Visitor: 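Please see the structure below; I have some questions.
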Amino acid sequence: MSTSAPTEVKTTTCYMCACRCGIRVHLRDGEVRYIEGNPEHPINRGVICAKGSSGIMKQVSPARLTQPLKRKPGSERGAGEFEPISWSEAFDLLEQRLSKIRSTDPKKFALFTGRDQMQALTGLFARQFGTPNYAAHGGFCSVNMAAGMIYTIGGSFWEFGGPDLERARLFVMLGTAEDHHSNPLKIAISEFKRRGGRFVSINPVRTGYSAIADEWVPIRPGTDGALLLALTNELIAQGLYDREFVARYTNGGQLVVTDPASPRHGLLATDEDADPINPDYPQNQLWWDRHSNGPCLTHTPDTDPYLFGDFTLPDGTHVRPAFQLLAERVAEYTPEWAARITGIPAATIRRLAHEMGVTARDEKIELPIAWTDCWGREHASVIGNPVAFHAMRGLAAHSNGFHSIRALAILMSLLGTIDRPGGFRHKAPFPRGIPPAAKTPTGPEGVKPDTPLAGLALGWPASPEDLFVDDDGEPVRIDKGFSWEYPLSVHGLMHNVITNAWRGDPYPIDTLLIFMANMAWNSTMNTVEVRKMLNDRGADGEYRIPFVAVCDAFQSEMTAFADLVLPDTTYLERHDVMSMLDRPISEFDGPVDSVRVPVVPPLGECKPFQEVLIELGSRLKLPAFVDGNGERKYKDYPEFIVRHETEPGSGIGFLAGWRGEDGSKSMLGEPNPKQWERYAENNCVFHYRLPHSYQYMRNWNRGYMEWAQRMRIRRWGDPVIIQLYSEVLQRFRLAAEGRWPGRQPPERLRERVATYFDPLPFHYAPLETQATDLERYPLAAVTQRPMAMYHSWDSQNAWLRQIHGYNYLFVNPRTARAAGIADGGWIWVESQWGRVRCLCRYSEAVEPGTVWTWNAIGKQPGAWNLAPEADEARKGFLLNHLISDELPLEGARTSNSDPITGQAGWYDVRVRIYPAHETGISPQFETLPRAPGTRAAPRKWLAYVAGKRIER
Ligand code: SF4
């Protein structure tokens with residue numbers, strides 16, 4: 001290696017976490033030497049974090065897989081014994097297996113992926129294959145956040161929207177991990193605080209963002225809904241909600257049928273003689289007009305709805321405005337009631353509600369931006385109520401999370417902060433209809449041999465008719481998504497796949513292909529049992545899950561269970577797209593998509609998973625990947641990205657920038673063979689800025705809606721009315737009560753659906769809490785990922801391991817002392833499902849009823865090619881051993897998930913702690929051998945000195 005060789009700088013997009021910052025990679029002699037933030041990138045504006053700059057060590061990680069591997073004949077799954085094979089052998093094996101499945105019963109192939117950023121491609125592959133058994137990580141991550149928000153306001157946090165901290169005066173963050181949405185949010189918070197904004201963090205733990213908040217409000221896990229409902233109660237009681245916003249832009253003024261005997265009980269009253277305008281999202285609903293004191297179609301010119309009252313329509317039907325029903329609902333949720341549940345004093349709840357309401361009301365922002373609403377009313381300016389929120393998995397990952405998040409979305413709406421300056425702002429392609437139009441097939445007939453799936457594998461049910469169930473109401477998907485057990489499981493239930501497949505419930509599968517998910521370790525609940533299931537055989541001596549293929553860049557605990565391992569590349573070695581068809585990096589002012597381009601060639605025989613899918617799609621002759629003669633259509637992934645259109649001639653592809661033959665079009669346009677080059681020349685980013693008049697109030701902005709329809713971002717141009725009251729949920733409840741004219745749930749699920757499908761938000765204790773002896777297990781136990789590591793990815797990173805080599809259980813000193821536990825001592829942490837022995841660390845930064853630790857630092861010995869005696873294996877531990885994937889509820893096995901969305905209840909486990917007399921981590925696992933093709937783990941520090949890489 002020459003120290004005088006010139007440095008070359010290449011631009012791409014980081015993937016050391018999911019934030020997708022722009023980076024500049026400095027290379028010398030073709031080797032990555034330094035990574036810096038790209039100052040011209042809209043996401044990070046030059047900022048880089050510890051993870052991002054440590055990408056250099058990912059390239060030289062000893063855990064890198066470098067060649068396809070096949071499990072050694074006769075060896076057990078989990079033993080990690082492999083022999084190398086060629087790619088051609090690996091593809092032949094998969095082609096043979098998958099073509100047989102496809103031509104017989106495509107649902108016997110299941111494809112589940114982790115925190116990848118290519119779900120538009122993986123989803124397309126699964127649909128073309130014809131299997132319903134596809135999902136990414138969302139079901140075990142934050143599906144409650146997406147579903148709770150999107151079913152209420154038509155958008156959600158992070159990729160889909162976020163806090164406008166440039167103009168907010170008050171910022172309230174709930175349940176967000178140490179640095180979720182890392183660099184962009186850090187930059188925004190730092191500027192917000194410099195401008196004098198006040199930052200309140202509500203979280204059981206005070207680390208990361210919470211540590212720099214002006215006020216930390218400790219809360220007991222799983223009780224956020226109680227707090228949010230009490231805040232809403234207080235806002236309504238004090239008259240501190242934005243009445244005009246609620247009346248015009250939410251369904252608060254819409255009349256709900258309140259005759260218990262009516263078949264339309266709980267549905268919105270409509271004028272059947274009026275034009276519904278759009279049958280999917282009818283606009284013929286009614287207000288009770290304050291001027292004429294009678295019913296009228298909503299948004300009729302010169303009308304204004306009552307928000308409170310009790311009325312009778314001319315046909316004798318009793319109706320009430322939805323807002324009246326909301327006010328009645330939250331009346332019981334007083335601050336005193338919430339104080340007992342959350343641990344937050346009632347006076348604090350009142351003060352926070354007052355601060356939110358007064359800031360929204362008295363510090364209004366007015367921007368001189370004229371816009372026209374969907375009903376033709378012209379507005380000379382855009383008004384903002386500068387209270388912004390951000391929330392994530394801390395609210396979501398509970399089995400009561402959907403209603404908590406509905407409550408948050410409703411609180412934000414009452415404050416009048418949706419898509420307004422200083423509040424919550426959407427990011428394209430949101431807002432979408434409530435719910436979005438995408439749907440799955442509705443029955444088993446949607447799955448046919450040698451045929452693409454008759455719908456999407458994941459969709460947004462609007463009524464029982466949209467469920468994916470058979471004639472008996474039983475699930476079609478292996479994870480039971482979109483069934484009566486989890487009707488709105490819009491991201492699937494990846495955490496149930498292995499258990500269900502092992503049990504053959506609802507049916508056995510043949511091949512499970514996992515991409516980038518550590519399902520035998522930190523990404524699964526009930527880890528010990530799930531590992532046994534992966535290696536379990538039926539009475540015939542065959543594996544219950546006959547074939548497991550895993551694609552990953554690193555040797556993990558999960559790759560050890562594979563029959564076939566496919567070595568993926570790192571993010572620096574491949575093309576990738578952050579697409580408008582998937583999860584783009586849009587900004588508040590318009591759509592933004594971006595790409596990765598390789599800055600170094602793949603190591604060894606590594607192949608990007610995208611190329612694996614293109615190859616398999618071509619070999620299996622899936623229609624999207626072959627031409628009319630069944631011949632391969634795309635040479636490789638880059639060509640696929642450039643040429644693929646959602647439909648022939650649609651002009652819509654994976655990338656929105658530089659479309660058209662000469663690259664002069666955007667959003668829509670013919671394929672451009674030079675598209676990758678244009679992205680590479682432009683910091684790997686395409687940014688489309690909407691006219692100012694389209695940038696706000698997008699749910700109800702005529703100009704924006706017409707543009708979104710022209711761009712085919714929205715199918716309909718109707719306004720997206722905020723659903724304070726959810727008619728969608730009420731449809732399912734009516735079905736459970738036997739009053740819906742269509743599909744009804746199986747008897748055993750009627751009460752469950754009727755209970756949880758409440759059209760108004762309510763608080764209930766998480767299912768696991770309900771099934772726990774709280775006297776014996778009084779403490780809530782939660783995890784979060786550390787700021788310096790992204791899930792289990794970084795345990796192989798020589799630099800980041802120096803920050804976190806093992807983890808403690810953090811316990812409030814009062815709680816620890818009461819249990820006779822010393823700071824730094826070994827303890828047992830026990831739940832009703834098992835116990836782990838680990839190290840305890842006193843921390844004042846956690847509320848006394850909660851204990852917590854970082855996730856995914858503890859490792860199986862030998863995994864990730866770490867030395868068997870590494871701290872990660874001998875001092876690091878995994879809380880997952882204490883969390884069950886199923887609960888014994890009402891005498892039946894029930895997934896430990898939200899009964900509406902199937903969100904995994906990660907943060908619901910209850911534990912007790914006591915001193916351990918022995919030392920060392922428990923449970924312990926066998927040491928994994930080093931996989932062929934990985935290099936021996938260095939026993940020395942890796943460093944660069946004077947331009948040379950040295951080990952010392
Ligand atoms: S925040 Fe995430 S994407 Fe951005 S530099 Fe850090 S690791 Fe990379």
Side-chain angles (χ1 to χ4, degrees), residues 9-26 32-59 61 114-118 137 141-142 157-159 162 165 173 176-191 207-209 212 390 392-393 427 516 553-554 569-574 576-579 582-587 592-597 599-600 683-685 784-804 854-857:
V9 181
K10 293 188 180 172
T11 303
T12 187
T13 304
C14 184
Y15 197 2
M16 291 295 286
C17 84
C19 286
R20 300 158 295 184
C21 297
I23 49 172
R24 288 176 174 170
V25 182
H26 295 240
V32 181
R33 309 305 300 275
Y34 174 60
I35 301 175
E36 64 176 341
N38 180 354
E40 291 169 26
H41 197 279
I43 289 266
N44 57 320
R45 293 186 263 150
V47 173
I48 194 158
C49 75
K51 298 184 292 271
S53 47
S54 302
I56 188 169
M57 283 291 144
K58 205 164 205 165
Q59 289 305 107
S61 161
R115 192 56 179 97
D116 67 288
Q117 294 178 344
M118 58 179 86
H137 76 294
C141 182
S142 293
F157 285 112
W158 198 24
E159 288 120 321
L165 294 185
M173 179 184 267
T176 305
E178 295 193 339
D179 76 335
H180 191 275
H181 196 22
S182 189
N183 283 345
L185 199 50
K186 286 178 201 158
I187 297 167
I189 290 177
S190 106
E191 290 173 355
T207 62
Y209 294 127
I212 58 153
H390 184 71
M392 237 330 124
R393 199 159 176 242
K427 296 177 183 174
M516 228 175 82
F554 304 102
T569 59
T570 68
Y571 67 105
L572 296 177
E573 298 167 348
R574 69 172 171 230
D576 216 346
V577 297
M578 276 60 72
S579 163
D582 191 334
R583 295 172 172 227
I585 60 164
S586 296
E587 295 279 306
V592 190
D593 63 14
S594 66
V595 302
R596 291 191 180 94
V597 289
V599 298
V600 285
N683 294 301
C684 295
V685 174
Q784 63 177 327
R785 62 168 185 252
M787 208 181 290
M789 286 190 171
Y790 197 63
H791 305 297
S792 56
W793 283 358
D794 294 314
S795 42
Q796 41 65 32
N797 190 300
W799 287 352
L800 298 176
R801 287 184 64 211
Q802 294 172 54
I803 302 174
H804 298 292
W854 284 306
N855 186 34
I857 290 181

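In each ligand, atom 1 is the first atom listed, and ligand 1 is the first ligand listed. A quick note: this is a predicted structure, and the numbers were derived from the prediction, not measured.
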Visitor: Please list, in number order, the atoms of ligand 1 under 4.0 Å from a heavy atom of Cys17.
Guide: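 Near Cys17, meaning under 4.0 Å from one of its heavy atoms, ligand 1 has 1 (S), 2 (Fe), 3 (S), 7 (S).
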Visitor: Could you check atom 6 (Fe) of ligand 1 against the protein and tell me its nearest heavy-atom contact, residue, atom and distance included?
Guide: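 Checked against all protein heavy atoms, atom 6 (Fe) of ligand 1 sits closest to Cys49 SG, 2.2 Å.
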Visitor: In ligand 1, which numbered atoms sit nearer than 4.0 Å to a non-hydrogen atom of Arg20?
Guide: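 Taking each heavy atom of Arg20 in turn, ligand 1 has 3 (S) under 4.0 Å.
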Visitor: Run the numbers for me: atoms of ligand 1, each under 4.0 Å from some heavy atom of Lys51, listed by number.
Guide: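 Once the distances to Lys51 are compared, the set is 7 (S).
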Visitor: So, are Glu573 and Lys58 salt-bridged, with charged N and O less than 4.0 Å apart?
Guide: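 A salt bridge is absent here (no side-chain N lies under 4.0 Å from a carboxylate O).
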Visitor: Is any side-chain heavy atom of Cys19 closer than 4.5 Å to one of His180?
Guide: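 Counting from C-beta outward, His180 and Cys19 never come under 4.5 Å.
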Visitor: Considering non-hydrogen atoms only, spot the tightest contact between Cys17 and Lys51 and give its length.
Guide: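 Cys17 and Lys51 have their closest heavy atoms at CB-CE, 3.6 Å.
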Visitor: Going by heavy atoms, is Asn183 under 4.0 Å from ligand 1?
Guide: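 For ligand 1, residue contact (heavy atoms, under 4.0 Å) with Asn183 is present.
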Visitor: How about Cys14: does one of its N, O or S atoms come closer than 2.8 Å to atom 8 (Fe) of ligand 1?
Guide: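 Coordinating: yes.
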Visitor: Measure from NZ or CZ of Arg20 to the centre of the six-membered ring of Trp158 and say whether it is under 6.0 Å with the direction within 45° of the ring axis.
Guide: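 Pair Arg20/Trp158 counts as cation-pi.
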Visitor: Testing the basics here: between Ile43 and Ile187, what is the closest heavy-atom pair and its distance to 0.1 Å?
Guide: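 The pair with the smallest heavy-atom distance is O-CD1, 4.2 Å.
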Visitor: If the cut-off is 2.8 Å, does any N/O/S atom of Cys19 fall short of it from atom 2 (Fe) of ligand 1?
Guide: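 Given the 2.8 Å cut-off, Cys19 does not count as a ligand of atom 2 (Fe) of ligand 1.
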Visitor: Against heavy atoms of Cys21, which atoms of ligand 1 measure under 4.0 Å?
Guide: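 It comes down to these atoms of ligand 1: 1 (S), 3 (S), 4 (Fe), 5 (S).
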Visitor: For Asn38, which of Val685, Val25, Thr13, Asn683 qualifies under side chain to side chain contact (heavy atoms under 4.5 Å, CB included)?
Guide: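 Exactly one option meets the side chain to side chain contact (heavy atoms under 4.5 Å, CB included) with Asn38, and it is Asn683.
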Visitor: Output the list of atoms in ligand 1 that are nearer than 4.0 Å to some heavy atom of Gly52, sorted by atom number.
Guide: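 It comes down to these atoms of ligand 1: 5 (S), 6 (Fe), 7 (S), 8 (Fe).
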Visitor: Under 4.0 Å from any heavy atom of Ser182, which atoms of ligand 1 are there?
Guide: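 Those atoms are 1 (S).
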Visitor: Would you call Arg24-Glu40 a salt bridge at under 4.0 Å N-O?
Guide: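 The answer is yes: the pair qualifies as a salt bridge.
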